Protein chains: 2
Amino acid sequence: MPNQTFTISELASEFGVTTRTIRFYEEKGLVHPFREGQKRVYTAADRVRIKLILRGKRIGMTLQESVEVIDLYDPQRNNTQQLLSLINTISERRARLLQQKDDIDDMLTGLSEVLGLCEKALGKRQKKISATQKN
Amino acid sequence: MPNQTFTISELASEFGVTTRTIRFYEEKGLVHPFREGQKRVYTAADRVRIKLILRGKRIGMTLQESVEVIDLYDPQRNNTQQLLSLINTISERRARLLQQKDDIDDMLTGLSEVLGLCEKALGKRQKKISATQKN
DNA sequence: CCTTCCGTTTACGTTAACGTAATTATTTGA
DNA sequence: TCAAATAATTACGTTAACGTAAACGGAAGG
């Protein structure tokens, strides 16, 4: 079994964050490395959690929101009430994500238009230059 | 021409934010309402800017980033250098947006899986209930 | 005339998510 | 063995994006 562990600086450099950031996540209860003497030791599970948290950050989620989403994954659901509430939570989150995709698509469309104008403007200059060089 | 204008509370309620928020955006130079006496008067252009800023927020952009993106639209570009730099900016932003879409898709996939488990769990209970009711 | 709504200004408060020392231990390679 | 690198703890600092409260001005309605 790989059962690999990681030091704090390994994870920090892998994910492009500072060790301070990772310790901060621990303060907030987002990860729970164990200790070898004084040093923190991170499991593969910790690593995944950090990865998911950073993914959340990229799409504008707070740390708490990311944790909530991550926690949806662990199947500590017993009764029907909890299951129904979970389904609700998921569908709400899903709606927000779809909205975000729409927002992104809109923005991408806008950027494409601007890009088109840019290239058009540059094209004219190239023609001028070509004409100049031919003479 | 419609040439419509808006009061601060109209915009606030339309977009579901407080007037404080809109005044804050003005402090930061994101909008420039003119005055009628003391009162702020917003143009359609101001309205659009606010809309775009809030769109940016939904996908995790800072106010400054939103402004930068919005400013890409106004064609105050003169020389080739500026055009090339603009193209660069656009392609970087585009890359980030595509990354975000991937992140969202990953998260949606995860949520679907959890949802599947939920429904499976609920299904079993329904069977039990059905069986109970038949007896 | 008085109150009730907007609206404005000024200014201090708040939360999230780290940054930035300063100080102290531990380990490790020259 | 000594210095350099790596880690930990403690604690104050910072930025963004508003919230909240106080204090005041015009206007509209009963």
Side-chain angles (χ1 to χ4, degrees), chain A residues 4-43 46-47 49-71 93 96 99-100 103, chain B residues 4-43 46-47 49-71 93 96 99-100 103:
Chain A
Q4 199 177 350
T5 64
F6 310 87
T7 74
I8 193 169
S9 48
E10 279 169 2
L11 292 183
S13 82
E14 173 179 357
F15 292 123
V17 300
T18 67
T19 58
R20 174 68 176 98
T21 296
I22 297 183
R23 288 195 200 97
F24 176 76
Y25 290 168
E26 183 180 352
E27 269 182 56
K28 293 286 158 174
L30 312 190
V31 287
H32 308 282
F34 63 92
R35 302 295 180 109
E36 251 168 28
Q38 185 82 304
K39 312 278 178 80
R40 279 166 245 255
V41 180
Y42 296 85
T43 68
D46 288 324
R47 211 197 81 150
R49 287 181 72 87
I50 294 178
K51 194 172 201 165
L52 294 182
I53 289 165
L54 297 177
R55 181 186 72 182
K57 282 196 59 180
R58 284 197 298 272
I59 58 177
M61 292 173 54
T62 68
L63 299 186
Q64 273 316 312
E65 283 175 327
S66 285
V67 169
E68 284 166 26
V69 169
I70 293 172
D71 286 349
R93 181 64 62 182
R96 285 185 48 184
Q99 167 72 56
Q100 285 187 272
D103 287 331
Chain B
Q4 201 177 350
T5 64
F6 310 87
T7 74
I8 192 168
S9 48
E10 279 170 1
L11 292 183
S13 83
E14 173 179 359
F15 291 124
V17 300
T18 68
T19 57
R20 173 70 176 95
T21 297
I22 298 184
R23 288 194 201 98
F24 175 75
Y25 290 169
E26 184 180 352
E27 269 182 56
K28 294 286 159 175
L30 312 190
V31 286
H32 307 285
F34 62 91
R35 301 297 179 109
E36 251 168 26
Q38 185 83 303
K39 313 280 181 79
R40 277 165 246 255
V41 180
Y42 296 84
T43 68
D46 287 324
R47 212 197 84 154
R49 286 181 72 86
I50 294 178
K51 194 173 201 164
L52 294 182
I53 288 165
L54 297 176
R55 183 186 71 182
K57 282 195 59 180
R58 286 196 298 273
I59 59 176
M61 292 173 51
T62 68
L63 300 185
Q64 273 317 311
E65 283 175 327
S66 285
V67 170
E68 284 167 25
V69 169
I70 293 172
D71 286 349
R93 182 64 62 182
R96 286 184 48 184
Q99 167 72 57
Q100 284 187 272
D103 287 330

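Just so it is clear: chains get the letters A, B, ... in the order the sequence lines come, proteins before strands, and each one is counted from 1. Not measured: the values here are computed from a predicted model.
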Please name all residues satisfying side chain to side chain contact (heavy atoms under 4.5 Å, CB included) with [X], sequence neighbours left out, ordered by chain then number.
X	answer
A/Glu10	A/Phe6, A/Thr7
B/Lys28	B/Phe24, B/Leu30
A/Ser13	none

Those residues at least two apart in sequence (or on a different chain) that pass side chain to side chain donor-acceptor pair (under 3.5 Å) with B/Arg20 are none

A correct 5'-to-3' footprint of nucleotides 4-20 of chain C, with B, S and - meaning base, sugar-phosphate only and no protein heavy atom under 4.0 Å, is --SSBB-B-----BBBB

B/Glu36 atom CD is separated from D/dG26 atom P, nearest whole Å, by 16 Å

Inset, instruction - With sequence neighbours excluded, give me every salt bridge (Lys or Arg N to Asp or Glu O under 4.0 Å) pair touching residues 55-64 of chain A. - result: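 Those involving residues 55-64 of chain A are A/Arg58-B/Asp103.
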
